[in-house]
Amino acid sequence: MVTAKAWVLKKHFEGFPKTSDFDLKKIELPNIKDGELLLESVFLSVDPYMRPYSRRDMKEGDIMIGTQVARIVESKNPAFTVGAFVVARSGWRTHFISDGKDLQLLPSSWPESLPRSLALGTVGMPGLTAYFGLLEVCKMKPGETVLVNAAAGAVGSVVGQLAKIGGCKVVGCAGSDDKVAYLKKIGFDEAFNYKTVKSLDEALRKASPDGYDCFFDNVGGEFSSIAINQMKKYGRIAVCGAISQYNDSVPQKGPYIQVPMIFKELRMEGFIVSRWNNRREEGLNALLKWVVEGKVKCHEQVTEGFENMPAAFIGMLKGENLGKAIVKV
């Protein structure tokens with residue numbers, strides 16, 4: 001008999017999440033049946049999407065949603081061997097039972113020297129978000145200028161590097177000088193701290209006087225309202241996230257985007273990465289190859305200890321992470 005620990009949503013978030021909104025529970029797991037597996041979480045992911053999705057998809061008392069890299073501890077399923085590592089979507093828990101249908105084995109070409117936690121970041125959902133958002137929504141072309149905000153985060157840092165591989169000029173912005181230094185280190189052409197510039201409009205204009213062909217938007221809100229006015233004609237905007245608005249208890253009001261969209265004939269498209277689930281393997285193989293070749297650099301913010309899941313989640317929403325925020329059990 002295995003006792004699992006799990007974090008549940010004690011109370012729906014009102015404004016910014018608090019540690020008191022979570023509760024740590026113990027769950028006795030039954031013995032596994034034929035066709036089932038027992039898994040142990042090794043790394044867990046904390047991501048911005050958990051904030052709005054918890055309101056949409058969860059009831060109070062549910063185990064927090066999320067993804068982990070887990071090791072198979074016991075197996076009565078011939079498709080999975082003990083000791084193998086998988087990516088699962090089983091929420092914030094230390095151990096769980098699965099029939100194997102919701103599990104994804106790490107790519108067979110995964111090098112032993114590469115941290116398996118990257119399957120939750122650059123070679124996982126955030127990397128795929130960058131890959132398909134740039135290729136399929138922004139449809140970037142060599143020689144174009146790409147703008148990305150929250151550029152030092154799990155998605156934004158990959159967006160910038162993929163745009164460089166694709167032959168684009170890349171402008172990124174982030175919320176600290178350390179993050180800006182990191183962006184320059186990984187190859188961004190221009191980067192600035194949006195918290196310290198006198199005028200966001202001027203900073204964007206200075207970074208690319210000719211404007212922007214593609215804008216990969218992770219932030220929404222005021223930043224996007226300003227950036228949209230600096231798009232080039234026929235520019236494309238991929239709306240990936242709106243982290244500036246997730247914790248608002250009162251919705252933000254305009255300015256409104258219709259006039260610049262009409263005059264510049266812009267294309268703006270929201271997307272969720274699961275749209276390309278049928279091409280998941282293609283994306284992961286491309287990302288893994290670039291990481292192994294050193295063309296895409298990865299940085300992880302690792303928090304030790306399952307008991308620190310809420311703190312890691314709240315810290316990520318505050319922008320305390322550089323690169324992907326991960327919890328190591």
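Along the sequence shown, residues carry numbers from 1. Please read all numbers here as calculations on a predicted model, not as lab measurements.
- Residues Ser224 and Phe215 are in side-chain contact: their nearest non-hydrogen atoms beyond the backbone lie under 4.5 Å apart.
- Using a 4.5 Å cut-off on side-chain heavy atoms (C-beta onward), Val86 and Phe80 make contact.
- For Glu202, the CD atom counts as loosely surrounded, since its 6.0 Å shell holds 12 or fewer non-hydrogen atoms of other residues, nucleotides or ligands.
- The closest side-chain heavy-atom distance from Asp189 to Val171 is not below 4.5 Å.
- Side chains of Gln161 and Lys297 form a contact here, defined as non-hydrogen atoms less than 4.5 Å apart.
- In this pair, Phe13 and Phe22 present their aromatic rings tilted. The plane angle is within the 30 to 60° band.
- Put simply, the side chain of Met140 reaches to within 4.5 Å of the side chain of Leu135, judged on heavy atoms.
- Ion pairing between Arg71 and Glu40 holds under the 4.0 Å rule for side-chain N and carboxylate O.
- Seen from the ring of Tyr246, Arg51 does not count as a face-on cation partner, given the 6.0 Å and 45° thresholds.
- Side-chain contact annotation: Glu190 with Ser208, donor-acceptor N/O pair under 3.5 Å absent.
- Side chains of Tyr131 and Glu136: a donor-acceptor N/O pair is absent below 3.5 angstrom, by distance only.
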query = Are Lys233 and Glu265 close enough, and set up right, to give a salt bridge (Lys or Arg N to Asp or Glu O under 4.0 Å), and what steps lead you there?
reply = CA-CA 6 Å; Lys233 200 155 172 90; Glu265 298 187 63; 3.2 Å; yes
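- There is a side-chain donor-acceptor pair under 3.5 Å between Asp201 and Gln230.
- By the neighbour-count criterion of 12 heavy atoms within 6.0 Å, atom NZ of Lys59 is sparsely surrounded, having that number or fewer from other residues, nucleotides or ligands.
- The side-chain heavy atoms of Val302 and Ser117, taken from C-beta on, include no pair separated by under 4.5 Å.
- Electrostatic pairing of Glu269 and Arg275 counts as a salt bridge here, judged by a charged N lying under 4.0 Å from a carboxylate O.
- A donor-acceptor pair shorter than 3.5 Å cannot be found between the side chains of Arg89 and Gln68.
- Contact of the Val239 side chain with the Met268 side chain is registered, since non-hydrogen atoms from C-beta on lie closer than 4.5 Å.
- Judged as a side-chain hydrogen bond (donor to acceptor under 3.5 Å, both in side chains), and not counting sequence neighbours, Gln301 has no contacts.
- Within 6.0 Å of atom NZ in Lys264, more than 12 heavy atoms from other residues, nucleotides or ligands are found, so the atom counts as buried in its surroundings.
- Within a 6.0 Å radius of CD in Glu282, more than 12 heavy atoms belonging to other residues, nucleotides or ligands are found.
- With no hydrogens or angles considered, no side-chain donor-acceptor pair links Asn308 and Thr303 at under 3.5 Å.
- Phe85 and Trp110 have their aromatic ring centers separated by at least 6.0 angstrom.
- The closest side-chain donor-acceptor pair between Asp47 and Ser45 falls under 3.5 angstrom.
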task = Given salt bridge (Lys or Arg N to Asp or Glu O under 4.0 Å), test Arg55 with Glu14 step by step and report yes or no.
result = CA-CA 10 Å; Arg55 173 65 71 180; Glu14 295 293 337; 3.6 Å; yes
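- Side-chain contact check for Asn77 and Asp99: no donor-acceptor pair (N or O, by modelled atom type) lies under 3.5 Å.
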